[in-house]
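We count residues from 1, following the sequence as given.
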Amino acid sequence: MRMRWATKVLWASALMTGCASPSGATAPVPPATVNPTGISEPQDQQLAPRAPEQTTDSHPVVAPAGTLPLPRLGLRRRDFDDPYGFEGTGHMTQLSLMGDLAFVANSFSSITTYRLADDGTLEFLALSSSPALRCTTVAGHARSQTVFCAAPDPSDVGAAGRVRAYDVSDPANVQLRSTTTTDAGPIGSLAISGALLYAAAGPGGLLQATIGAAGALSNFATLYAGNAVTVDANSTHTVLLDLDRGLVLLAPGAGTEEAALPLEGAPLAVRLVDDRALVALGSEGVRVLDVSGGAIRSVAEVHPQCVADAADLQGDMLAVGCLTGVYLYDLADSPVRLIGFEPASAGVRDLRFAGDDLVVADFSRISRLAVDRGGAPLSVDASWNAPFDNEGVAHVGIRNEGSADVLLDVFLDAPGPSGRPMLTRVTVPGRGELRVAFEASEITSVLGHLPTAARLWLSPVDFRRLRIAGQVLPGQQTMTEVLLLQADSSARARLRPGDGVPSLGFRDALGQPITVRPAPARLVIYQPDCALMWPELMELAWQTRHGSPAHPAMVVASFIDGRLVAYLGLDVFPGLEIGDGAILSPDGSTENLGYDLYDRYLAVEGSRGGAHWPTDYIVDADGRVSRIERAYRGRWPL
């Protein structure tokens, strides 16, 4: 049966990778092709073989006779059949690799341990058996079989910083060995070089300690007195990001400053690979810097349209972790070539090369991605959550950063006897983006009702054909998930695109009233702090501090610890620390919500994202919601 849908492309624009204007404006191109066939393709439909296609991003693939050609992905998920993660995952932040073991900071369950199996999978081994203590940064010391962890932890009593040492000699039974306390304040980043441990304590500076037998720490001393946000070290270099000064290069094992370089962008992460320092700067991308010879020299930079908060380097291959996905670049090409893209499940906080693979901390899961230098970025980035407005229309932005056009099938995740119903087919131009409107009536006509969250899958047509023909293998396909959300009848998600934002009244931690009437602004609402939201808040604070936000950010929280505010440099937001609150409802009544402010009023129901990752309301000059975001892309919104 052939059905016609109201789904339509609203606009398309050309993107010059890494070359957009500071405002994010891009040059328009003709609208992308749309073929709203509405065909629900049966699972057993056989398709004729096709000749391999040549693109500027990939090499041709020679397929066996009688089969379909297999597109080559620059990044291929090895564990695609397990989209919900492995046992023991959740709240994953930083990685430390030690041989074939991966230790992951789990911000509510200490450390989670995996083995990198020979078959390319990840084998879950254990959660640390000690009481669930918060870890957001880890550093492994192979000689003493110790993994150290720390966090700017609001649950700890007092203002002291704590470094915990875990015995990992039996990786299936990780035990807490000791806790070392310093008076420098909360610690948010650790690094190890030889027998030295470095700890970045934000306003407390950079600390250094000696690692002794069984991981015992001694001789804690302040090495650098600035505002040390994050640190990395190896046998020849020590580098740190200072909240105010940018990249600082220190002589190894000493506090002597050799060089410093101011950087444009939020100082989110730094990693040393031999003589290269990789600096993740949020919306400003990643810079690769040579730090040999006591000087800092620029080598390369990339500008994915995302918020970059992690990077790693293997040879000429640069991997970038963003809140919305993983990007892989070949630095040997001129200009730098994008090899692959893989959308995030919840938000990437760290990644590491392990042989020919990438191990990725995707907050709600740990992933292992195969790397193919001759592949192409066939996956697309898309709005994770698209709320229906008051007219019953949801707008989904789709972005393709590869140079080749990508033909996508958009289908509902509602399998039936005839397969999953396809809504439309769209072509996303190379280095381009488009915006597609979906009407609630379309979903209702297929499903018979409109669910709270209607899940869409965006699949490149080549993989759709392979899957239907029964030729696709686990991990050889790629899909992007989008949720179309309706505002339910309860108090949640009352604000929809097009709604006016009422005056919001709160009480701060001292009981003083705060009234917020944002116009225009980015209204950022969240409940207790979550390590996934830190990059967003740090970037918004950096923009506010440097006078560069597109919309002034107004951050409203029902709880955040003052020490974390100081460590992350968030004190530029007025009224940030909210101990209790009341909110003025659209009908004029006042509700005392306190701790439940986020969950009961302004959270987006049924959406993707990690824990209490903020819900952002973008408010226009008239005080109306222009869009609602759960996937923060900084100055690269969709």
Side-chain angles (χ1 to χ4, degrees), residues 18 22 137 152 185 187-191 198-208 222-234 236-252 254-304 306-313 318 320-322 350 534-549 566-572 634-635:
T137 179
I187 293 168
S189 177
L190 297 173
Y198 297 91
L206 180 67
L207 313 178
Q208 178 183 279
T222 300
L223 196 65
Y224 173 84
N227 195 330
V229 176
T230 183
V231 63
D232 202 8
N234 58 24
T236 53
H237 309 291
T238 300
V239 293
L240 64 92
L241 290 181
D242 185 293
L243 184 66
D244 305 307
R245 301 184 60 218
L247 182 68
V248 178
L249 174 64
L250 301 179
T256 306
E257 181 177 318
E258 294 185 327
L261 179 69
L263 296 168
E264 185 73 15
L268 298 186
V270 64
R271 173 150 297 149
L272 267 175
V273 180
D274 300 324
D275 292 329
R276 299 287 191 263
L278 319 175
V279 184
L281 298 167
S283 289
E284 304 305 320
V286 170
R287 293 193 63 180
V288 181
L289 301 160
D290 187 310
V291 294
S292 61
I296 303 175
R297 295 171 292 273
S298 182
V299 174
E301 56 186 88
V302 296
H303 297 274
C306 64
V307 175
D309 69 339
D312 200 11
L313 185 69
L318 174 66
V320 176
C322 295
D350 200 8
W534 295 351
E536 173 178 354
L537 295 181
M538 291 178 71
E539 171 160 294
L540 291 173
W542 187 88
Q543 291 180 359
T544 300
R545 190 176 293 108
H546 292 268
S548 59
Y567 181 85
L568 300 178
L570 309 183
D571 53 339
V572 295
R635 65 181 183 90

_Euclidean distance, Leu240 CG relative to Arg245 CZ, rounded to 0.5 Å_ = 8.5 Å
_Would you compute the distance between atom CD of Gln543 and atom CE of Met538 and round it to the nearest 0.5 angstrom?_
13.0 Å
*asked:* Among Thr230, Leu241, Leu206, which residue satisfies the side chain to side chain contact (heavy atoms under 4.5 Å, CB included) criterion with Ser189?
replied: Thr230
*asked:* When you compare the side chain of Val231 with that of Leu190, does any pair of heavy atoms fall below 4.5 Å?
replied: no
*Which atom names give the shortest non-hydrogen contact between Pro203 and Ala566, and what distance separates them?*
CG-O, 3.6 Å
*Output, in order, the C-alpha distance, side-chain angles, deciding distance and verdict of side chain to side chain contact (heavy atoms under 4.5 Å, CB included) for Val286 and Glu301.*
CA-CA 6 Å; Val286 170; Glu301 56 186 88; over 6 Å; no
*Might you point out which heavy atoms bring Glu264 and Leu281 nearest each other, and give the distance in Å?*
O-CD1, 3.7 Å
*Regarding Tyr224 and Asp242, is there a side-chain donor-to-acceptor distance under 3.5 Å anywhere?*
yes
*Would you give the length of the straight line joining atom CG of Leu272 to atom CG of Asp232, rounded to the nearest 0.5 angstrom?*
5.0 Å
_Residue of the set Val288, Val320, Val299, Val270 for which side chain to side chain contact (heavy atoms under 4.5 Å, CB included) holds with Leu278_ = Val288
*So does Arg276 pair up with Asp312, basic N to acidic O under 4.0 Å?*
no
_For Thr236, side chain to side chain donor-acceptor pair (under 3.5 Å) partners two or more places apart_ = Asn234
_Taking Gly569's backbone N and O only, do any of them form a donor-acceptor pair with Arg545's side chain (distance below 3.5 Å, no angle check)?_
yes
*Can Glu284 and Arg635 be said to form a side chain to side chain contact (heavy atoms under 4.5 Å, CB included), step by step?*
CA-CA 9 Å; Glu284 304 305 320; Arg635 65 181 183 90; 3.2 Å; yes
*Out of curiosity, Trp534 CH2 to Leu268 CG, how far, rounded to the nearest 0.5 Å?*
12.5 Å
*For the atom pair CD1 (Ile296) and CG (Leu247), what is the distance rounded to the nearest 0.5 Å?*
4.5 Å
_Main chain of Ser292, side chain of Arg297: is a donor-acceptor contact present, judged purely on distance under 3.5 Å?_
yes
*asked:* If I compare all heavy atoms of Ala308 with all of Cys322, which pair ends up nearest, and what's the gap?
replied: CA-SG, 3.8 Å
*Side chain proximity check, Leu250 to Val239, heavy atoms < 4.5 angstrom*: no
*If you take all heavy atoms of Asp274 and His237, which pair is closest and at what distance?*
O-CD2, 3.6 Å
_Contact summary for Gly285 and Pro304, nearest pair of heavy atoms_ = CA-CD, 4.3 Å
_Checking Glu539 now: which residues fulfil side chain to side chain donor-acceptor pair (under 3.5 Å) with it, not counting sequence neighbours?_
Ser283, Tyr632
_Main chain of Ala251, side chain of Thr238: is a donor-acceptor contact present, judged purely on distance under 3.5 Å?_
no
*Which value, rounded to the nearest 0.5 Å, describes the distance between Glu257 atom CD and Leu223 atom CG?*
11.5 Å
*Taking all non-hydrogen atoms of both residues, which atom of Trp542 and which atom of Pro267 are closest, and how far apart?*
CD1-CD, 3.9 Å
*Determine, stepwise, if the pair Arg271 / Asp350 fulfils side chain to side chain contact (heavy atoms under 4.5 Å, CB included).*
CA-CA 11 Å; Arg271 173 150 297 149; Asp350 200 8; 3.1 Å; yes
